[in-house]
There are 2 protein chains.
Amino acid sequence: MSRATTAPGPGRRPSGDGDGRRALLLDAAEKIFNARGIQAVGMDRLRSASGLPLKRIYELFPGKDAVVVATLRRRHTRMMADIGAHVDAAGSPRERVLSLFDWFHEWFETPEFRGCPWMNAYGELGPTNPAIAAEVYHHQREFRALLTSVPRSAGCSEAVVGAVYLLAEGAVAAAAVQHSPSPAAEARAAVAALLAADAPASGAAVPGTAVPGAAASTAPPAGV
Amino acid sequence: MSRATTAPGPGRRPSGDGDGRRALLLDAAEKIFNARGIQAVGMDRLRSASGLPLKRIYELFPGKDAVVVATLRRRHTRMMADIGAHVDAAGSPRERVLSLFDWFHEWFETPEFRGCPWMNAYGELGPTNPAIAAEVYHHQREFRALLTSVPRSAGCSEAVVGAVYLLAEGAVAAAAVQHSPSPAAEARAAVAALLAADAPASGAAVPGTAVPGAAASTAPPAGV
DNA sequence: AAGGAAAGAGAATGAACGTTCTTTGACGCG
DNA sequence: CGCGTCAAAGAACGTTCATTCTCTTTCCTT
């Protein structure tokens, strides 16, 4: 719904162009939804936090639901890329697997951490909002694919592959309520124990290139 | 109208006494909050589902928040007892640990399963409602104590003890979004792998009474 | 410099919610 | 038989929210 009708060159754009405004809004929405939940946040708060008039917000998105979905999607893309980059900075296949939990530890230590944004949105709006439920499903499927690809390409058994994902998911839930990063360390210790028992993981020579990286670093957010 | 004068006791109490009314309300609230979230459910729906007039509801509870907390608390008590009974029906220490995940598998298979009610409430209302946040914290602490007590009294290492809890928490989150009980089976397989690598677990004879409150006695928690 | 389109700020609107109050009707007791 | 008490049902009240509309100002174009 862009108004390309009479908007010539870069004349006057106090709040930036469409993309800039979109980023302003999503930055504000991500922060506020994370801190206070979704239904507890009114559009007026999004307006004051983003500096955008309501009129612009409703030009960018058809409604609040779309803002929520876009916020989740943008954060998903960023998170996947972050994890991918973190894993790619590790050396051996074993270290790549363990580095996942270092990433989670760092996340849990940030003061804004308040649990998994997707699980929070799912618990709050999943039953009544199919678009949000679908977005959460999409996130979890890709997140799971990323987390399982690391131990799988390290040659781990399927039991260990599944455990890495479930331990990560459990650590997020535990850390959220406990307000402590220690579940990440516990999950890491559990994975270390599993890897020690899983012969191929520690010594096997699996091509260490970033198999999952392709899914995270360059994939466009389009589609689905 | 349809008010048969069924007064089975002192005076006339069409809807039962205080405890009966409380149970009526909590039954309805538990079901509806689980299916639709909390903020999406109005007091009017609680009234129609429970059959209690609003006046009685507000006599039983000072407000909606108290209904939510009471619902979570009652369900917590029931869940803890259910898990304890299920574990106690198992035989060897190893089977007791694995039976935890059979319990979860059964839970995930029920059609009403929609994730962890406490995590859902925490994501939705934790930031704005300290009473609910405290109730969730209380639940998670006791839930964790129960789940860790089973592998601990089976002689498992602390890494395995922590993994059992985190795998359970992760399985709940995964099963909720996937609408599938398979995460319970995956978690069970991971625990079986851990137990196989954990020497004392399979053979050691540890007195296997359920819910041994004396938790941390042997090994210190795996710090950072 | 005048005209006009678009921008920002915020009021208006209509619906939903939590909580309280009023009305209506039935029962027990004198 | 009439009166007081209490229960149920639902209207009422004040607030909040998502969304739309209005009014005033700004700044480009001619």
Side-chain angles (χ1 to χ4, degrees), chain A residues 1-18 20-22 24-25 28-29 32-33 36-71 124-125 127-129 131-132, chain B residues 1-18 20-22 24-25 28-29 32-33 36-71 124-125 127-129 131-132:
Chain A
M1 313 314 172
S2 56
R3 66 249 123 68
T5 58
T6 59
R12 74 249 239 226
R13 287 284 165 69
S15 299
D17 58 358
R21 291 198 242 242
R22 207 182 134 95
L24 276 178
L25 181 69
I32 303 179
F33 286 154
R36 308 168 75 98
I38 295 174
Q39 300 192 79
V41 175
M43 293 299 286
D44 207 60
R45 187 175 289 269
L46 255 44
R47 177 191 60 77
S48 62
S50 69
L52 259 44
L54 282 177
K55 206 172 198 173
R56 300 282 148 264
I57 296 177
Y58 278 96
E59 276 174 14
L60 288 166
F61 298 98
K64 189 184 181 183
D65 293 356
V67 176
V68 174
V69 170
T71 302
E124 188 171 353
L125 296 168
T128 56
N129 197 313
I132 290 176
Chain B
M1 295 298 182
S2 65
R3 178 130 53 94
T5 68
T6 58
R12 70 251 238 229
R13 289 282 161 71
S15 299
D17 58 359
R21 292 198 241 240
R22 207 183 135 93
L24 276 178
L25 181 69
I32 303 179
F33 287 153
R36 309 170 75 99
I38 296 174
Q39 300 191 83
V41 175
M43 294 299 285
D44 207 60
R45 187 175 288 268
L46 256 43
R47 177 192 60 77
S48 63
S50 68
L52 260 42
L54 282 177
K55 204 169 197 176
R56 301 281 148 264
I57 297 178
Y58 279 96
E59 277 173 14
L60 289 166
F61 299 98
K64 190 184 181 184
D65 293 355
V67 176
V68 174
V69 170
T71 303
E124 188 171 352
L125 296 168
T128 57
N129 197 312
I132 290 177

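Convention: sequence-line order gives letters A, B, ...; per-chain numbering from 1.
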Any idea which heavy atoms bring [X] and [Y] closest together, and the distance?
{"X": "B:Ala70", "Y": "B:Phe61", "result": "CB-CE2, 3.6 Å"}
{"X": "B:Leu60", "Y": "B:Arg21", "result": "CD1-CB, 3.8 Å"}
{"X": "B:Ala49", "Y": "B:Ile32", "result": "CB-CD1, 3.3 Å"}

[atom1]/[X] to [atom2]/[Y] distance, rounded to the nearest 0.5 angstrom?
{"X": "A:Leu52", "Y": "A:Leu46", "atom1": "CG", "atom2": "CG", "answer": "10.0 Å"}
{"X": "B:Asn129", "Y": "B:Asp65", "atom1": "CG", "atom2": "CG", "answer": "4.5 Å"}
{"X": "A:Leu25", "Y": "A:Thr71", "atom1": "CG", "atom2": "OG1", "answer": "6.5 Å"}

Atom [atom1] of [X] to atom [atom2] of [N]: distance rounded to whole Å?
{"X": "B:Leu52", "N": "D:dA8", "atom1": "CG", "atom2": "P", "answer": "7 Å"}
{"X": "A:Leu54", "N": "C:dG10", "atom1": "CG", "atom2": "P", "answer": "11 Å"}
{"X": "B:Ile57", "N": "C:dG18", "atom1": "CD1", "atom2": "C1'", "answer": "12 Å"}
{"X": "B:Phe33", "N": "C:dG18", "atom1": "CZ", "atom2": "C1'", "answer": "12 Å"}
{"X": "B:Arg47", "N": "C:dG18", "atom1": "CZ", "atom2": "P", "answer": "12 Å"}
{"X": "B:Glu124", "N": "C:dC17", "atom1": "CD", "atom2": "P", "answer": "13 Å"}
{"X": "B:Lys55", "N": "C:dT23", "atom1": "NZ", "atom2": "C1'", "answer": "11 Å"}
{"X": "B:Met43", "N": "D:dT16", "atom1": "CE", "atom2": "P", "answer": "18 Å"}

Across the strands shown, which category fits A:Val67 at heavy-atom distances under 4.0 angstrom: base, sugar-phosphate, nothing?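 Nothing, no heavy atom under 4.0 Å.
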
Among [options], find the nucleotide with the atom closest to the side chain of [X].
{"X": "B:Arg56", "options": "D:dT20, D:dA8, C:dT19", "result": "D:dA8"}
{"X": "A:Arg21", "options": "C:dG8, D:dA8, D:dA18", "result": "C:dG8"}
{"X": "B:Lys64", "options": "C:dA9, D:dT19, C:dT19", "result": "C:dT19"}

Show me, pair by pair, the donor-acceptor contacts under 3.5 angstrom made by side chains of residues 36-43 of chain A, not counting sequence neighbours?
residue: A:Gln39; atom: NE2; partner: B:Glu124; partner atom: OE2; Å: 3.4

So for the helix from C:dA1-D:dT30 to C:dG30-D:dC1, with five pairs setting each end axis, what is the inter-axis angle to 10°?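 About 20°, once rounded to a multiple of 10°.
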
